[in-house]
Amino acid sequence: MSLAVRIVRYVWAAPASLLGLALAPFFDSRRVDNGILLCEGARWPRRLGWRFSAITFGHVVLSTIAADEDLMEHETVHVGQYERWGVFLLPAYLVASLWVRLRGRRAYWDNPFEKAARRTR
């Protein structure tokens, strides 16, 4: 992939990445892994009702636990989704969750964006 394409993908996902960057200081550790800012270790999300281990915003992964290889493979798929959809991934994800819920399915587990990320396992 050319440098120009990589830059465009980062810029396209940048609005979502900014949200992740705003939350990054509230995690215990931060490091860059394959072009993704990985923020690990925080207890406050659970207190707010955050029920999952990690969430991705653009090129930023926020993880309440130490990220292992499986988690990073899953979240890297979401990074790729942001690179394709840009800021439109957030509303598309919510609409997809609503759509599957209205069809009597589970909003998270049956969301097509999550199903795509689980296919890495």
Side-chain angles (χ1 to χ4, degrees):
M1 175 180 344
S2 74
L3 178 59
V5 170
R6 290 289 302 158
I7 290 170
V8 167
R9 288 181 174 190
Y10 272 85
V11 170
W12 183 236
S17 297
L18 288 174
L19 178 57
L21 286 171
L23 295 171
F26 302 103
F27 284 75
D28 296 339
S29 67
R30 288 155 298 287
R31 63 185 164 94
V32 176
D33 184 6
N34 291 321
I36 299 168
L37 176 61
L38 173 60
C39 307
E40 297 171 295
R43 288 168 295 288
W44 63 268
R46 299 267 186 218
R47 292 183 199 131
L48 297 177
W50 187 349
R51 296 179 2 187
F52 35 86
S53 298
I55 189 168
T56 298
F57 294 108
H59 289 90
V60 180
V61 173
L62 306 173
S63 180
T64 59
I65 61 172
D68 62 14
E69 188 176 321
D70 287 341
L71 186 138
M72 282 310 294
E73 283 182 16
H74 179 95
E75 298 306 323
T76 300
V77 172
H78 290 312
V79 169
Q81 292 168 345
Y82 276 103
E83 289 180 346
R84 284 186 295 286
W85 287 77
V87 72
F88 300 108
L89 179 63
L90 294 169
Y93 187 101
L94 294 173
V95 167
S97 289
L98 178 61
W99 176 250
V100 297
R101 189 73 183 110
L102 290 173
R103 295 177 61 217
R105 308 289 308 214
R106 299 165 298 179
Y108 175 79
W109 288 103
D110 296 317
N111 183 307
F113 293 105
E114 289 301 328
K115 289 172 90 172
R118 280 196 303 276
R119 281 195 283 265
T120 63
R121 295 180 184 165

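Numbers for residues simply follow the sequence, beginning at 1. Note: hydrogens, waters and symmetry copies are ignored here, and every other heavy atom, side chains too, is used.
At a threshold of 4.5 Å between non-hydrogen side-chain atoms, the residues Tyr82 and Val60 do not count as touching. Between Val79 and Glu75 there is no side-chain heavy-atom pair separated by less than 4.5 Å. No side-chain heavy atom of Leu90 sits under 4.5 Å from any side-chain heavy atom of Leu94.
Taking every heavy atom of both residues into account, Ala54 and Val61 meet most closely at CB-CG1, 4.3 Å. When all heavy atoms of Trp12 and Pro15 are compared, the closest pair comes out as O-CD, 3.6 Å. Between Ala107 and Asn111, the shortest heavy-atom distance links the atoms O-CB, 3.3 Å. In terms of heavy atoms, Val100 sits closest to Pro112 at CG1-CD, 4.3 Å.
Every residue was checked against the side chain to side chain donor-acceptor pair (under 3.5 Å) condition with Arg84, not counting sequence neighbours, and none meets it. With sequence neighbours excluded, the residues satisfying side chain to side chain donor-acceptor pair (under 3.5 Å) with Gln81 are His78. In terms of the salt bridge (Lys or Arg N to Asp or Glu O under 4.0 Å) criterion, Arg46 has no residue partners (sequence neighbours excluded). For Arg30, the salt bridge (Lys or Arg N to Asp or Glu O under 4.0 Å) test picks out no residue, with sequence neighbours left out.
In this structure, Phe113 is a member of the same hydrophobic cluster as Trp50, with clusters built from ILVMFWY side-chain heavy atoms closer than 4.5 Å. Under the 4.5 Å side-chain contact rule for hydrophobic residues, Phe57 and Val77 do not share a cluster.
Ring-centre distance between Trp85 and Tyr93: not below the 6.0 Å cut-off.
A parallel orientation is assigned to the rings of Tyr10 and His59, their planes being inclined by less than 30° (bins at 30° and 60°).
Residues near Val8 contribute nothing to a hydrophobic cluster around it, because no ILVMFWY side-chain heavy atom sits closer than 4.5 Å to its side chain. Here Leu3 sits in one hydrophobic cluster together with Ile7, Val11; the rule is ILVMFWY side chains under 4.5 Å apart, joined directly or through other members.
Rounding to the nearest 0.5 Å places SG of Cys39 at 10.5 Å from CG of Asp28. In this structure, Glu40 CD and Phe27 CZ are separated by 10.0 Å, a value rounded to the nearest 0.5 Å. To the nearest 0.5 Å, atom CE of residue Met72 and atom CG of residue Asn34 are 7.5 Å apart. Within the model, atoms CG of Leu37 and CG of Leu21 stand 6.0 Å from one another, a figure rounded to the nearest 0.5 Å. Note that CG of Leu62 is 8.0 Å distant from CG of Leu19, once rounded to the nearest 0.5 Å.
Counting only distance, with no hydrogens or angles, the side chain of Arg118 and the backbone of Trp109 share a donor-acceptor pair below 3.5 Å. Judged purely by atom type and a 3.5 angstrom limit, Asp68 uses its side chain to pair as donor or acceptor with the backbone of Leu71. Judged purely by atom type and a 3.5 angstrom limit, Tyr108 has no side-chain atom pairing as donor or acceptor with the backbone of Phe52.
Annotation: Trp44, atom CH2; neighbour count of heavy atoms from other residues, nucleotides and ligands within 6.0 Å is above 12. Other residues, nucleotides and ligands contribute at most 12 non-hydrogen atoms within 6.0 Å of the CZ atom of Arg101.
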